[in-house]
There are 2 protein chains.
Amino acid sequence: MDLRTHAHDGDRLAQACREAGLKATPQRLAVLKALLISHEHPGPEAVFRQVRGELSSISLATVYKTLDALEGAGLVERVTPLSEGRRYDANRTPHHHLVCTACGRIEDHEDPTLAPILPVDLGGFLARAVRVEVLGSCAGCRRQEQ
Amino acid sequence: MDLRTHAHDGDRLAQACREAGLKATPQRLAVLKALLISHEHPGPEAVFRQVRGELSSISLATVYKTLDALEGAGLVERVTPLSEGRRYDANRTPHHHLVCTACGRIEDHEDPTLAPILPVDLGGFLARAVRVEVLGSCAGCRRQEQ
DNA sequence: TTCCTAGTTGAGAATCATTCTCAACTGCTG
DNA sequence: CAGCAGTTGAGAATGATTCTCAACTAGGAA
């Protein structure tokens, strides 16, 4: 079910929550609806301001918890990457990163076939650089998983 | 000059700093050397611990300032993306993001030709998902720049 | 329908990373 | 080798995120 292709009536959203094992509280429905309506990729603060319109008593902490819950349920996705905090790299050659979602290790991955010709115009947007993050399991973690 | 292909002697690193318009202080050389030696994509805290070995008096604030300076000079790169803070997205169809480095706006960009066949084995690393961020200027900001 | 319980909420405190402030210090240009 | 602009260190300040816990409520069971 792609929630975005339907009217955002409460029943449908509530059903999506329940199927994901979450109680369908008004706070959750409001946060989910705000994210479905917006095309701005809002952050927690922006969601909070938006949702306050219809649920003036909601707290910012609830928005954080709700976003975590919806993300955990796969109803919503973070735009920013999984790896926590800043990480630096002195390798200035073009390369991509393999991020292990189990242990957090970041490996460099050089693959010239992925390197596009830049800058390039993508329908009005002038692309200057491409950042690729490959999420998965590193060799060490795969061994442990077995 | 690719710093990584040479011995990390102080003179060479100092020269790189000066060419970038930065004074070659022992703190900067130590931070730069730590990043060049490490393959762990360390964060500020990890760099701090490493550098303390040879410069026990260095402060964490200096590490932050130094990382910013080195990044600004292009000697070092952040692994994590430019967009600040968390941003969420309820668009669950596979798509990439166009991040405008001028205004911070994030546009969705659907391009099925970029979607690789996943999961795939990349030399031991099991890739499950790919996250692509295209950095550049959005149409609005390009108009303003002219 | 009503009851019960596990899950959820709200408010404020707590935490943690990052930035700021400013006086003291030091590369480096002349 | 003198002077200054840039840099450092320590601690305070900021700001985002998480924690804590008592009160509340959705939704399954009776």
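Please read all numbers here as calculations on a predicted model, not as lab measurements. Chain naming here is simple, since letters A, B, ... match the order of the sequence lines and numbering starts at 1 in each.
When distances run from any side-chain atom of B:R28 to the nucleotides D:dT7, C:dG10, C:dT18, the shortest one goes to D:dT7. Ranking D:dA10, D:dT8, C:dA11 by closeness to the B:T62 side chain, first place goes to D:dT8. Distances from the side chain of A:P44 to the nucleotides D:dG9, C:dG12, D:dT17 place D:dT17 closest. For A:D68, counting side-chain heavy atoms from C-beta on, the closest listed nucleotide (D:dT18, C:dT8, D:dG9) is D:dT18. Relative to the side chain of B:K23, the nucleotides C:dC28, C:dG7, C:dC20 differ in distance, and C:dC28 lies closest.
At whole-Å resolution of the value, CG in A:L29 and P in C:dT8 are 12 Å apart. For the pair B:R18 CZ and C:dG27 P, the interatomic distance rounds to 11 Å; values are reported in whole Å. A:Y64 places its OH atom 16 Å from the P atom of C:dG10, with the value rounded to the nearest Å. If you measure from atom CG of A:L60 to atom P of D:dA16, you get 9 Å, rounded to the nearest angstrom. Between A:L55 atom CG and C:dT9 atom P there is a gap of 10 Å when expressed in whole angstrom units. As rounded to whole Å, 18 Å separates atom P of C:dC25 from atom CD1 of B:I58. Going from atom CZ of A:R52 over to atom C1' of C:dA11 covers 12 Å, rounded to whole Å. As a whole-Å value, the separation of B:L67 CG from D:dT7 C1' is 15 Å.
When only modelled atom types and interatomic distance are considered, A:D108 and B:H39 share no side-chain donor-acceptor pair under 3.5 Å.
Within the 4.5 Å cutoff, side-chain heavy atoms of B:D68 are placed close to those of B:R78.
Two residues, B:T25 and A:T66, neighbour DNA chain C, and the one matched to the more 5' nucleotide by heavy-atom proximity is A:T66.
Side chain A:K65 to base C:dG10: a donor-acceptor pair is found below 3.5 Å.
Taking all atoms of both residues into account, the shortest heavy-atom contact from A:E133 to B:V79 is OE2-O, 4.5 Å.
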